[in-house]
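Before any comments, here is the structure.
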Amino acid sequence: MTTPAALKRIADTIWELPMSYKEGMLVPARIFASEKLVKEMDAGVFEQVCNVATLPGIQRYAYCMPDGHWGYGFPIGGLAAMDPGSGVISPGGIGFDINCGMRLVLTNLSAEEVLPRLHHLVDRLFARIPTGVGCHGFVKLKQDEFRQVAEQGSRWCLKHAYATHEDLEMTEEGGCFSGADASDVSVKAVERGFNQLGTLGSGNHYCEIQVVQPHNIMDAERAEAFGLTMVPNQVVIMFHCGSRGFGHQVATDYLKLFLGVMERKYGIKIRDRELACAPFHSPEGQSYFSAMKCAVNMAFANRQVILHRIREVFSDVFHKSPEELAMRMVYDVAHNTAKLERHTVNGRVKELLVHRKGSTRAFGPGAQGIPKCYDKTGQPVIIGGSMETGSYLLAGMSSGADAFFTTAHGSGRTMSRHEAKKQFRGDKLQHDMEQRGIYVRTDSFGGLAEEAGAAYKDIDEVVLTTELAGLSKRVARLVPIGNIKG
DNA sequence: ATGTGC
């Protein structure tokens, strides 16, 4: 790959494209990457991050995280903060899978206790958690009940005995973005979504059994605060899923609406249709913001009911209650959202609309809006690698202020799904992984091939880069032993 | 990512 000649190295892990790079840029573009990662980035990333820099109201820089790759309009691994007064909201800056996110759950079991029952455990998870495209959820709802889920998120789960108070505390925003009004969501979106509560989905969505090996703990103090030091080789559960067809339909509906009004009604000219947007304070912008929150809340509720079922499965397999197994949440992080947050710009505290697309909020120690128990450590940041190579738990840092306290979200793809399918075979991959101690169940070998570790960047390099850039600090590396995926 | 594509 060739990087643009105008790309300047600002620091070891910070690269910049100046405003002169592309006509209409309102701010420079900044890319967090090591030299190796920046060279691996596709040319599309540099074009896209500079396109984002032309959007009205953008503050400081258009950003790309070390796991960044080409996406719809904005790069995946993108971050753009807008002035809500003069700026826009853009569905492409949030993504189709609204609030796709990661949840990490503890157990007090050791790998030695789990391994003899691993196959049974993974088979039971696979049997009890619906996976794959078009799967139906285990929570049966009428459409009006689903609208309540969309407005209430995890709070709905608490009322219906799928959650504990502590689960809500350990979820961003308590598992509910306020201001979600289901009347802003189309009938079609509800029709697609109402039978999807309690589904994992497909693509890179998975549920994984992982081990915290003592030699993989990088920050002992934070590891203890996050609950990872109960037993040596402690087993934890990490899972990744989002708002399914519901969020997809919300994004589709509003992209279409915005394309109709953006230029004709608001006079906004954009170089790429995929950057469709509307002024944040316009009726269309506010309506999308509300509908997006409905999808955010559906995704929080989806992860919450899945957690409920994971607890049931562990309870059945190990003949102990979830409390006896200490199945507490470490945290739940959202990847694809826009949020109003207060940040310091030019020495003044200002409210900004922060678009994160394939990037993670990473508030540091003492930040408002994170659980009290994490006040000294910073918020937990859960970064999933590929199913072959392992994942990380990190913590937000005060030094992340320049990037509006945001970090990476995963490994980032190095090849398209199509290319990965050509290069790898799912059945062979499953066999090879089992030889290496990772038991995988899937209902799509094609889908499995797309997720091969070799189709992703080096997760160790990505998280090290976030640490060197001051965005987040590594706490522990988590090694997979079992995985179910769609 | 997605009842996987105009």
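Computed from a predicted model, the values in this text were never measured in an experiment.
To the nearest angstrom, P of B:dT2 lies 12 Å from CZ of A:Phe96. Atoms CD1 (A:Ile94) and P (B:dT2) sit 17 Å apart, rounded to a whole Å. Residue A:Ile76 contributes atom CD1, which lies 13 Å from atom P of B:dT2 at whole-angstrom precision. Rounded to an integer number of Å, the gap from CG of A:Asp253 to P of B:dT2 is 16 Å. Straight-line distance from the CD atom of A:Gln196 to the C1' atom of B:dT2: 9 Å, rounded to whole Å. Going from atom CG of A:Asn302 over to atom P of B:dT2 covers 10 Å, rounded to whole Å. Atom P of nucleotide B:dT2 and atom OH of A:Tyr254 are separated by 21 Å, given to the nearest angstrom. To the nearest angstrom, P of B:dT2 lies 11 Å from CD of A:Glu450.
A cation-pi arrangement is absent between A:Arg264 and A:Tyr266 under the rule of less than 6.0 angstrom and at most 45 degrees off the ring axis.
Using a 4.0 Å heavy-atom cutoff across all strands shown, A:Lys357 reaches no nucleic acid atom at all.
When each of A:Lys422, A:Lys421, A:Arg417 is tested with A:Glu419 by the rule salt bridge (charged side-chain N to carboxylate O under 4.0 Å, His left out), just one qualifies, namely A:Lys422.
Remark: A:Arg271 CZ is packed, more than 12 non-hydrogen atoms of other residues, nucleotides or ligands lying under 6.0 Å away.
Between A:Ser202 and B:dT2, a side-chain N or O to OP1/OP2 separation shorter than 4.0 Å is present.
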Which side-chain N or O atoms in residues 195-203 of chain A pair as donor and acceptor under 3.5 Å with protein atoms at least two apart or in another chain?
{"from": "A:Gln196", "atom 1": "OE1", "to": "A:Gly245", "atom 2": "N", "distance (Å)": "3.0"}
{"from": "A:Thr199", "atom 1": "OG1", "to": "A:Gln196", "atom 2": "O", "distance (Å)": "2.8"}
{"from": "A:Thr199", "atom 1": "OG1", "to": "A:Arg244", "atom 2": "NE", "distance (Å)": "2.7"}

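Nearest-nucleotide assignment on DNA chain B puts the 5′-proximal partner with A:Arg413, out of A:Lys421 and A:Arg413.
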